[in-house]
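Note that the numbering runs from 1 along the sequence shown for the chain. Counting starts at 1 for both ligands and their atoms, following the listed order.
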Amino acid sequence: MKIVLENLTKIFPSRNKNSGEEVVAVNNFSFTIPDGKLIGLLGPSGCGKSTTLYMISGLQKPSGGKIFFGDDDVTEVSTESRGIGLVFQNYALYPHLTVKQNILFPLQNLRGKDKMTKEAMLERAQEVARLVQIDELMDRKPSELSGGQQQRVAIARALVKMPRVLLLDEPLSNLDARLRLQTREEIRRIQKETNITTVFVTHDQEEAMSISDMIVVMKLGVVQQIGQPQEVYDNPENLFVAKFLGTPPINVFSGEVRGGRLFIGGADVLPAPGVPDQQVHVGIRPEGFILDPNGALECKLSNVEVMGRDVSVVSTHEASSNPFVRSIIDADNKVDLSAGAVRFSLKPHKVFLFSKDDEKRIRIEVK
Ligand code: ATP
């Protein structure tokens, strides 16, 4: 089931009628979520991702725009009638019911033509329990389960009505690091097996990048970029997106383009054909540095952190916007800390230029 968002907007009025500004939580969001895909809605706190999800679910009414599930305009349709499964951060299970009763609950409330026999309900509950791998835990109460298991029950409960669309709001936030990793892979597996169009809200870029077919990066209610995770990482359209994706984050320098060359702090670091002379922000991914005794970029060496396969070289540079420059190089390279300085050459495809005026990407012509 594809989902079409058409100029979707949500404005929260000011609480105080006489003063205070209204909040534009989501601003003119248009996007078609392809059938059977998992979309990650990503952005910092307050960027409007939950509000977008709540509008898709029907829990919140848009101030403007339309929502279609397939060809059906569902903008005015109630949450109950949209055919969605919802999973929240806090699993919201009924504590006095067993796992089985929790999963059966949505089916027992079906009325009219949707009403199911007891046997059919039990069979369906067993089927989704197997899918999320909790079929051995059916007689336990939620308090007798781990956080990861509780979240699986919540997912099973969301899936049991065979929704057209699955909506997940920060479903992993309450889990510890290891369970987060495991559960996100589970969600991906379940989504692939069921092929249900899924929207997943998170502020964790790594989480969104690892399981989404496409990510939508938002800032202050405005969509910044939509694309496949790798494509957005490799081709950020503005400085915000470049800074939001990647761990360690991208390094940002103050630079200048002069006569078709890029300079950082006086050093001529790369060709920049086709770019008019101007001051620029230069983003360099940590993996974009090459240790090179003849490299143009010289940094003051602060520390070298060995992380198994890779080495993180921590240095400083006067043109860097951050206190430290973090570069990741192969552990085979030996860095002499006593040298005091380190020189790098740069991988051109890991270097991005952004306008000082509007922070939009300035493309370097590739010949
Ligand atoms: P978080 O990760 O913190 O949940 P988010 O990206 O999901 O953030 P939203 O919850 O969608 O952000 O909120 C977007 C903006 O709308 C924020 O500025 C928030 O304060 C505002 N907002 C959300 N709900 C309401 C409301 N009911 N009344 C007024 N303002 C609201």
Side-chain angles (χ1 to χ4, degrees), residues 3 5-31 33 38-67 74-76 78-79 82 84-92 147 151 154-155 158 165-177 180 183-184 187 198-212 214-227 229 232 236-247 249:
I3 305 173
L5 310 180
E6 212 178 80
N7 306 109
L8 201 59
T9 297
K10 179 70 185 180
I11 301 172
F12 290 107
S14 142
R15 281 203 188 281
N16 182 339
K17 287 242 174 337
N18 302 318
S19 67
E21 297 211 339
E22 56 187 25
V23 177
V24 184
V26 178
N27 194 349
N28 210 15
F29 183 0
S30 294
F31 179 44
I33 302 174
L38 192 157
I39 302 299
L41 281 185
L42 179 63
S45 183
C47 71
K49 34 191 205 302
S50 296
T51 305
T52 304
L53 196 83
Y54 295 160
M55 287 194 283
I56 298 173
S57 72
L59 289 173
Q60 264 171 9
K61 207 174 146 18
S63 316
K66 285 190 180 305
I67 302 166
V74 297
T75 319
E76 300 293 330
S78 71
T79 302
R82 283 192 191 192
I84 53 158
L86 256 175
V87 178
F88 296 101
Q89 174 177 343
N90 54 355
Y91 329 115
Q151 196 53 301
I155 294 169
V165 169
L166 182 62
L167 304 172
L168 307 167
D169 189 8
E170 301 261 9
L172 308 176
S173 298
N174 285 354
L175 307 181
D176 69 38
R180 273 182 94 112
T183 314
R184 83 183 186 201
I187 288 177
T198 300
V199 184
F200 181 99
V201 161
T202 177
H203 60 272
D204 181 333
Q205 52 96 20
E206 202 185 319
E207 198 163 280
M209 302 244 319
S210 63
I211 64 166
S212 308
M214 293 182 99
I215 54 170
V216 177
V217 185
M218 299 180 75
K219 175 191 172 191
L220 295 174
V222 181
V223 172
Q224 304 291 304
Q225 191 165 350
I226 300 177
V232 179
E237 278 172 15
N238 61 40
L239 185 59
F240 175 83
V241 174
K243 279 161 71 165
F244 200 73
L245 300 185
T247 352

Can you confirm whether the side chains of T247 and Q205 place a donor and an acceptor under 3.5 Å from each other?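 Short answer, yes.
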
In the protein, what heavy atom is nearest to [atom], and what distance, to one decimal place, separates them?
atom	answer
atom 8 (O) of ligand 1	G46 N, 2.7 Å
atom 13 (O) of ligand 1	T51 OG1, 3.7 Å
atom 23 (C) of ligand 1	F12 CE1, 3.4 Å
atom 10 (O) of ligand 1	S50 CB, 3.8 Å

Side chain [X], main chain [Y], donor-acceptor under 3.5 Å:
X	Y	result
Q224	N238	no
K49	H203	no
T79	G58	yes
T202	L42	no
S30	N7	yes

When you compare the side chain of N90 with that of N174, does any pair of heavy atoms fall below 4.5 Å?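 Counting from C-beta outward, N174 and N90 do come under 4.5 Å.
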
Heavy-atom side-chain contact between L5 and M55 under 4.5 Å: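 Heavy-atom side-chain distance check fails, nothing below 4.5 Å.
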
K49, Q89, E170, K219: member with heavy atom nearest to atom 6 (O) of ligand 1: K49

List ligand 1 atoms under 4.0 Å from [X], heavy atoms only on the residue side.
X	value
C47	5 (P), 6 (O), 12 (O)
A25	14 (C), 15 (C), 16 (O)
P44	6 (O)

Below 3.5 angstrom, do we get any N/O pair linking H203 and ligand 1?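 In this structure, H203 places no N or O atom under 3.5 Å from an N or O of ligand 1.
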
Answer side chain, backbone, both or neither: which part of V23 comes under 4.0 Å from ligand 1, heavy atoms only.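 Just the side chain.
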
Passing option when K10 is tested against N27, T52, V23, T51 for side chain to side chain contact (heavy atoms under 4.5 Å, CB included):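 Going through N27, T52, V23, T51 one by one, the side chain to side chain contact (heavy atoms under 4.5 Å, CB included) with K10 is satisfied by T51 alone.
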
Just to confirm, does any protein heavy atom lie below 4.0 Å from atom 19 (C) of ligand 1?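 For atom 19 (C) of ligand 1 the answer is no, since every protein heavy atom stays at 4.0 Å or beyond.
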
Verify atom 3 (O) of ligand 1: protein non-hydrogen atom under 4.0 angstrom away: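 Yes, there is a protein heavy atom closer to it than 4.0 Å.
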
Is G48 near ligand 1, meaning one of its heavy atoms is under 4.0 Å from it?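 Within the 4.0 Å threshold, so yes.
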
